[in-house]
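To keep things clear, I will list the structure first and then write my remarks on it.
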Amino acid sequence: MTATFWNRPATWKAFLLVGAYLVFFLAVGQLVGVVAGDDIDKDNVLADPASIFLALVLPIAIGAAALIVFAWRVGWLRAIFGPQPIRGRGWMWIGPVLALLAVVGHVGATNWSNWSGQQIALIALLGLCVGVAEELATRGLAVKMLRDAGHGERFVAIVSSLLFALMHSVNLLSGMRLSTVASTIVYTFCFGICMYLVMRVTGTIWAAIILHGITDPTTILSSGGIDQAVNAGGTDGWSALTGLATIGFMLFAVVAMFFIRGNATAKPTINA
């Protein structure tokens, strides 16, 4: 599809783009599995560095690269990675701060002796790639497309977060239980609202990329698994901090989305 097609604003194109990215990402994962399946621990992809790189890092890195190339081809790199066209107010910091406290709790709760240096480095790299790919797809490309279609910021925040949450429904294909996928979708929707807010209040998508990029690896390292954020908990202080912060930013996200105002297509101003 040409740049002309993508530069004609339409709400449904945001769904098309995210869907196309998911198909591409899954296809890359399948191809890597066919080519290097013998080096992937199918029972526990986190078991060794080669498995982490091939099963997790490589597919998402290729997906991130593809999204960057797409944004470049349609001429949107500056609009996405440059200053936001609309800013927010101080109250929007509440969600990101709570999300950051959850990260602190994950770091404190991690049993670092369970991981090798290579595993930690590769999981950190995975977090960076996930942050770039998922934020670029949803808070970058999808948000721009929804704004260009003339929608107000509340609609933009909710729909882009819904797209982000629905991306995680593909976990069903890996055999994850429906109840776990459902709770992950709820969690990621709320997390998406917080990432939208951090982008608004800082004025840049890079802040969302960084916060997202440290959330996923610290979650994996503390829980020992993929997509375990919604199961955070425990009896020690660090786990309690994670649980309270996670519940806090989820509740805040649900309330905050009703107070999001503004329209990026209007004259730039500071909006609540």
Side-chain angles (χ1 to χ4, degrees), residues 1-32 35 53-54 56-87 122 124-151 153 155-157 159-168 170 188 192 195-217 263-265 268:
M1 296 182 182
T2 66
T4 302
F5 169 83
W6 290 106
N7 279 286
R8 287 196 292 265
T11 302
W12 62 269
K13 291 180 182 178
F15 290 83
L16 174 63
L17 179 65
V18 172
Y21 164 72
L22 281 178
V23 171
F24 176 80
F25 169 70
L26 292 172
V28 169
Q30 289 296 313
L31 180 60
V32 171
V35 174
F53 177 78
L54 292 170
L56 301 175
V57 177
L58 185 57
I60 197 71
I62 293 174
L67 288 170
I68 291 172
V69 170
F70 172 83
W72 168 67
R73 289 292 301 273
V74 296
W76 295 351
L77 281 178
R78 181 174 296 181
I80 290 172
F81 290 106
Q84 286 289 297
I86 185 169
R87 296 291 296 271
L122 283 168
L125 177 60
L126 171 65
L128 174 62
C129 293
V130 169
V132 172
E134 295 188 354
E135 291 305 311
L136 178 53
T138 54
R139 255 67 64 186
L141 295 166
V143 162
K144 184 184 186 310
M145 296 168 79
L146 294 169
R147 284 172 172 169
D148 288 350
H151 295 293
E153 289 301 295
F155 182 93
V156 170
V159 173
S160 62
S161 298
L162 179 61
L163 284 168
F164 173 64
L166 292 177
M167 287 174 67
H168 295 79
V170 299
T188 50
M195 293 305 97
Y196 165 85
L197 293 175
V198 74
M199 185 174 70
R200 277 281 302 270
V201 79
T202 63
T204 175
I205 193 175
W206 286 109
I209 289 173
I210 292 170
L211 183 52
H212 192 163
I214 62 176
T215 295
D216 283 22
N263 191 316
T265 60

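Starting from 1, each residue takes its place in the sequence as its number. Worth saying up front: this structure is predicted, and the values here are computed from it rather than measured.
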query = Do Val18 and Phe164 come within less than 4.5 Å of each other through their side chains, counting heavy atoms only?
reply = no
message = Using 0.5 Å steps for rounding, measure from the CG atom of Leu31 to the CD1 atom of Ile62.
response = 8.0 Å
ask   = How far does NZ of Lys144 sit from CD of Gln84, to the nearest 0.5 angstrom?
value = 11.5 Å
task = Search all heavy atoms of Val28 against all heavy atoms of Pro59 and return the closest pair with its distance.
result = CG1-CA, 3.8 Å
query = Where do Asn7 and Val74 come nearest, in terms of heavy atoms and distance?
reply = ND2-O, 3.3 Å
key: Student check: side-chain heavy atoms of Ile86 and Arg147 closer than 4.5 Å   = yes
task = Please name the pair of heavy atoms, one in Gly63 and one in Phe24, separated by the smallest distance, quoted to 0.1 Å.
result = CA-CE2, 4.1 Å
ask   = Between Gly192 and Ser161, what is the shortest heavy-atom contact and its length?
value = C-OG, 3.2 Å
query = Heavy-atom distance under 4.5 Å between the side chains of Val201 and Leu197, does that happen here?
reply = no
remark   = Taken to the nearest 0.5 Å, the spacing of Trp6 CH2 from Leu17 CG works out to 4.5 Å
query = So how far is it from Ile210 CD1 to Thr204 OG1, rounded to the nearest 0.5 Å?
reply = 8.0 Å
query = Got a sec, which residues hit salt bridge (charged side-chain N to carboxylate O under 4.0 Å, His left out) with Glu135, two or more places apart in sequence or on another chain?
reply = Arg139
inquiry  = Contact between Val132 and Ile68 at the side-chain level, heavy atoms closer than 4.5 Å - yes or no?
reply    = yes
message = Using 0.5 Å steps for rounding, measure from the CG atom of Leu162 to the CZ atom of Phe155.
response = 9.5 Å
key: Min side-chain heavy-atom separation Val143-Met199 under 4.5 Å   = yes
remark   = Correct closest heavy-atom pair for Leu136 and Ala64 would be CD2-O, 4.4 Å
message = Test of understanding: with side chain to side chain donor-acceptor pair (under 3.5 Å), list the residues that count as partners of Lys13, not counting sequence neighbours.
response = none
ask   = Is any side-chain heavy atom of Phe15 closer than 4.5 Å to a side-chain heavy atom of Val159?
value = yes
task = Report yes if the side chains of Glu134 and Met195 come closer than 4.5 Å at any heavy-atom pair, otherwise no.
result = no
request  = Locate the shortest heavy-atom distance separating Leu67 from Ala133; write the atom from each residue and the value.
outcome  = CD1-O, 3.3 Å
ask   = Nearest 0.5 Å, what's the CD1-CG distance between Ile205 and Leu141?
value = 8.0 Å
ask   = Can you say whether the rings of Tyr21 and Phe25 are parallel (under 30°), tilted (30 to 60°) or perpendicular (over 60°)?
value = parallel
key: Phe81 side chain reached by Ile209 side chain, heavy atoms, under 4.5 Å   = yes
